[in-house]
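Letters go in sequence order (proteins before strands), and every chain restarts at 1.
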Amino acid sequence: MAKPNTPQAIRGTQDIFGADAEAFAFVVETFERVRKLYRFRRVEMPVFEKTDVFSRAIGETTDVVSKEMYSFLDRGDESLTLRPEFTAGIARAYLTNGWQQHAPLKVATHGPLFRYERPQKGRYRQFHQIDAEIIGAAEPQADVELLAMADQVIRELGIEGVTLHLNTLGDGDSRDAWRAALVGYFGAVRGELSEDSQERLEKNPLRILDSKDPRDRKFVADAPKIDAFLSDEARAFFDAVTSGLDAAGVKWARAESLVRGLDYYRHTAFEFVPDEGSAAAAALGSQSTILGGGRYDGLMESLGGAPTPAVGWAAGIERLAMLVGEVGDDQLDVVVFAENDEAIPYCIDLVTKLRVAGGPGDGFIAEMIVTGSPKKRFQKASKAGAREIVRLHVEDNGSLAYHVHVQNNETSQVTDFLKHDWPPVQKS
RNA sequence: GCGAUCGUAGCUCAGUUGGUUAGAGCGCCGGUUUGUGGUACCGGAGGUCGGGGGUUCGAGACCCCUCGAUCGCCCCA
């Protein structure tokens, strides 16, 4: 328990350590490796922007903006916001830096994001995502490539029991017609809907489709489907996406109720969701979507840019990390301990040289132990879990003695190093 | 914003219907044993029982407030 005068961490922030931190790093490393295979270029973005960047991208009216952004005034009384997503900032950079010249632009990034929400399982105020966007590509093959990469990331993380749920929201006209039909359909049974959904009827009727309330669910199955309202172009686009996914070998399932909360989404919308009853679903609790995204052809205009097609996704690193299983620390190769304090300088010298041996990337993973009684030092060395233990001791006559203990009768790599690369010393 | 559960050593937790100096395991430190050795045994340090107020002869236990955590609802870019 922290002392009362120790400042507490901010609600919803995490101090990630040990196995969790290793899993986190594994997710990031895997993402970095895979995105290079697809030639997504790395971008580094500011963690905060003018509030306008997000409020205009997301839409002023939603309570997402009014309640759930981490906004504050700086010393010049300008309203700034800690980024709640990557997309809006990347769109802003695309417009302000003239990245149009690189279109179609494939970019990837990862880092912390901030939303002023109540923390729960898999949901934090400061959380972390990996993110990929293709900007300036109107063709459905861009959606396919983006999804193929997402699928590969998840598979290379070793995550099982997760399925790509796919839907189309159509173009602007399709979407508006569908929305009107839904309002008509649910409006007719308004009184039988949950209180929340009666509210959603006004604010966000599409969201009724993924309500958890049984009172709503019984109407959802027979609700109007987007397919009935798709224009020929929108239908052709979706068909091209699905056939492309089949060609890429990406498994998917149609999810007619999958929608996006924001108006700028068009055409493709998708989420990778754990299968019901899977280990992944059990591990995640109620916050189950691990990767989500879609096509946001309407976004650039809301930021004052020319109409620009784009598609992207983001995935929560914490949620992915919960699914990758145990990722241990790297095996410790060798631990060096000084049996008496006279041997400490030798100990420092040896452990340093072991770590740089063989050049970058090839050094021994090494620790040293120089505290406690001689017996304690050996006990610590034994418990460290190293393959090899080197004991250093300076004799009364000032000469150095060393002895190498090798676990499990493996051959000693350190002994070889000591013979060739360490100042010759007397062996005990 | 709303709801439920929880908050005792560094960590994981015990603490009976409120009753003397608050316990265990692990970890840490020291010692004995062993004696090229991760063992076993002994000992030690470490707690304003989240904080504040109240009830009571007496509160870690009961009541109120507060802070925090966990999980869920809303929302989900």
Side-chain angles (χ1 to χ4, degrees), chain A residues 1-15 17-18 49 53-70 81-91 113-125 127 129 131 133 194-197 199-200 203-204 206-207 210-213 258-265 269 271 284-289 292-294 296 298-299 302 312-316 319 335 337 339 369 371-386 389-391 393 401-408 428:
Chain A
M1 209 48 54
K3 294 280 186 286
N5 61 357
T6 301
Q8 288 177 314
I10 305 299
R11 179 196 289 274
T13 62
Q14 332 167 62
D15 306 307
F17 173 76
E49 299 268 1
V53 170
F54 304 113
S55 61
R56 286 174 59 181
I58 292 166
E60 306 280 358
T61 57
T62 61
D63 48 333
V64 165
V65 167
S66 56
K67 288 182 181 168
E68 306 196 16
M69 295 204 311
Y70 242 109
T81 295
L82 301 178
R83 63 185 180 194
E85 61 162 21
F86 282 113
T87 307
I90 290 172
L113 302 170
F114 305 83
R115 297 179 185 174
Y116 200 90
E117 300 181 294
R118 198 64 178 255
Q120 54 187 322
K121 192 179 184 70
R123 189 176 214 191
Y124 306 93
R125 285 189 173 180
F127 59 104
Q129 288 187 338
D131 179 277
E133 316 276 350
S194 68
E195 297 75 17
D196 285 333
S197 282
E199 186 116 351
R200 283 192 272 244
K203 296 199 301 190
N204 204 349
L206 271 56
R207 278 285 167 196
D210 52 19
S211 169
K212 292 168 187 165
D213 196 303
L258 194 159
V259 296
R260 298 276 82 139
L262 304 185
D263 285 338
Y264 60 63
Y265 281 101
E271 293 178 356
L284 287 173
S286 71
Q287 305 297 319
S288 57
T289 298
Y296 51 93
L299 173 58
S302 67
W313 58 253
R319 290 186 199 172
V335 55
F337 79 101
E339 197 163 50
I369 290 168
T371 60
S373 66
K375 176 185 176 61
K376 278 286 171 190
R377 294 181 191 189
F378 189 87
Q379 285 183 349
K380 286 177 184 173
S382 298
K383 285 187 179 179
I389 297 170
V390 180
R391 178 171 53 107
H393 184 89
Y402 72 83
H403 188 89
V404 181
H405 304 256
V406 184
Q407 308 280 319
N408 305 325
S428 69

Structure string for RNA chain B in dot-bracket form, Watson-Crick and G-U at under 3.5 Å, | interchain: (((((((..((((.....[...)))).(((((.......))))).....(((((..]....))))))))))))....

Rounded distance (Å) that lies between atom [atom2] of [N] and atom [atom1] of [X]:
X: Lys376(A); N: rU39(B); atom1: NZ; atom2: C1'; value: 12 Å
X: Leu299(A); N: rA77(B); atom1: CG; atom2: P; value: 13 Å
X: Arg200(A); N: rC76(B); atom1: CZ; atom2: C1'; value: 12 Å
X: Asp210(A); N: rC73(B); atom1: CG; atom2: C1'; value: 14 Å
X: Gln129(A); N: rC76(B); atom1: CD; atom2: C1'; value: 11 Å
X: Arg260(A); N: rC75(B); atom1: CZ; atom2: C1'; value: 14 Å
X: Asp196(A); N: rC75(B); atom1: CG; atom2: C1'; value: 10 Å
X: Gln379(A); N: rC41(B); atom1: CD; atom2: P; value: 14 Å

Under 4.0 Å from OP1 or OP2 of rC73(B): is there any side-chain N or O of Ser286(A) that close?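 Answer is yes, contact under 4.0 Å.
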
Considering just the side-chain nitrogens and oxygens of Thr87(A), establish if one lies under 4.0 Å of OP1 or OP2 belonging to rA77(B).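 Thr87(A) to rA77(B) OP1/OP2: no side-chain N or O under 4.0 Å.
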
Side chains of Val335(A) and Lys380(A): closer than 4.5 Å at any heavy-atom pair?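 Answer no - side chains too far apart.
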
Does Pro374(A) reach the side chain of Phe378(A), with side-chain heavy atoms less than 4.5 Å apart?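 With C-beta onward as the side chain, the pair stays apart.
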
Out of [options], whichever nucleotide has its closest atom nearest the side chain of [X]:
X: Arg123(A); options: rG37(B), rG30(B), rC74(B); answer: rC74(B)
X: Lys375(A); options: rC73(B), rA77(B), rU34(B); answer: rU34(B)
X: Glu68(A); options: rG72(B), rC75(B), rC76(B); answer: rC75(B)
X: Glu117(A); options: rG38(B), rG37(B), rC75(B); answer: rC75(B)
X: His405(A); options: rC75(B), rG38(B), rU36(B); answer: rU36(B)
X: Lys380(A); options: rC73(B), rC76(B), rC29(B); answer: rC29(B)

Span that lies between the [atom1] atom of [M] and that of [N], in whole angstrom:
N: rC13(B); M: rU66(B); atom1: C1'; result: 26 Å
N: rU39(B); M: rU32(B); atom1: C1'; result: 13 Å
N: rU55(B); M: rG47(B); atom1: C1'; result: 26 Å
N: rU12(B); M: rC2(B); atom1: C1'; result: 32 Å
N: rG43(B); M: rU33(B); atom1: C1'; result: 14 Å
N: rU8(B); M: rG51(B); atom1: C1'; result: 15 Å
N: rC6(B); M: rC63(B); atom1: P; result: 11 Å
N: rU34(B); M: rC26(B); atom1: C1'; result: 23 Å

Pairwise distance [atom1]([X]) to [atom2]([Y]) - rounded to 0.5 angstrom:
X: Arg391(A); Y: Tyr402(A); atom1: CZ; atom2: OH; result: 12.5 Å
X: Leu299(A); Y: Glu133(A); atom1: CG; atom2: CD; result: 9.0 Å
X: Ile389(A); Y: Arg377(A); atom1: CD1; atom2: CZ; result: 14.5 Å
X: Arg319(A); Y: Tyr124(A); atom1: CZ; atom2: OH; result: 9.5 Å

Pairs under 3.5 angstrom, nitrogen or oxygen only, protein versus nucleotides 68-70 of chain B, please.
unit_1: rG68(B); atom_1: OP2; unit_2: Arg11(A); atom_2: NH2; d: 3.3
unit_1: rA69(B); atom_1: OP2; unit_2: Arg11(A); atom_2: NH1; d: 3.3

Which is true for Gly285(A) with a 4.0 Å heavy-atom rule: it touches a base, it touches only sugar-phosphate, or it touches nothing?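 Sugar-phosphate only.
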
Please classify the nucleic acid contact of Tyr296(A) as base, sugar-phosphate, or nothing, using heavy-atom distances under 4.0 Å.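 Contact class for Tyr296(A): none.
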
Looking at every heavy atom in both [X] and [Y], which two are closest together, and how far apart are they?
X: Ala314(A); Y: Asp131(A); result: CB-OD2, 3.6 Å
X: Arg11(A); Y: Arg118(A); result: NH1-NE, 3.7 Å
X: Ala88(A); Y: Ala57(A); result: CB-CB, 3.7 Å

Tell me, yes or no, whether the heavy-atom count around Glu199(A) atom CD, taken from other residues, nucleotides or ligands under 6.0 Å, exceeds 12.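 Counting neighbours around CD of Glu199(A), 12 or fewer heavy atoms of other residues, nucleotides or ligands fall under 6.0 Å, so no.
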
More than 12 foreign heavy atoms under 6.0 Å from OH of Tyr70(A): is that the case here?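 Correct, the count exceeds 12.
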
Which is more 5' along RNA chain B, the nucleotide nearest Val259(A) or the one nearest Ser211(A)? Just name the residue.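 Mapping each residue to its closest nucleotide by heavy atoms, the 5'-most match is Ser211(A).
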
Where each residue is assigned the nucleotide of RNA chain B containing its nearest heavy atom, which of Leu284(A) and Glu339(A) is assigned the position nearer the 5′ end?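 It is Glu339(A) whose nearest nucleotide is closer to the 5' end.
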
Do Arg260(A) and Glu271(A) sit within salt-bridge range, that is, some charged N less than 4.0 Å from a carboxylate O?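 Looking at Glu271(A) together with Arg260(A), the answer is yes, because their closest N to O distance falls below 4.0 Å.
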
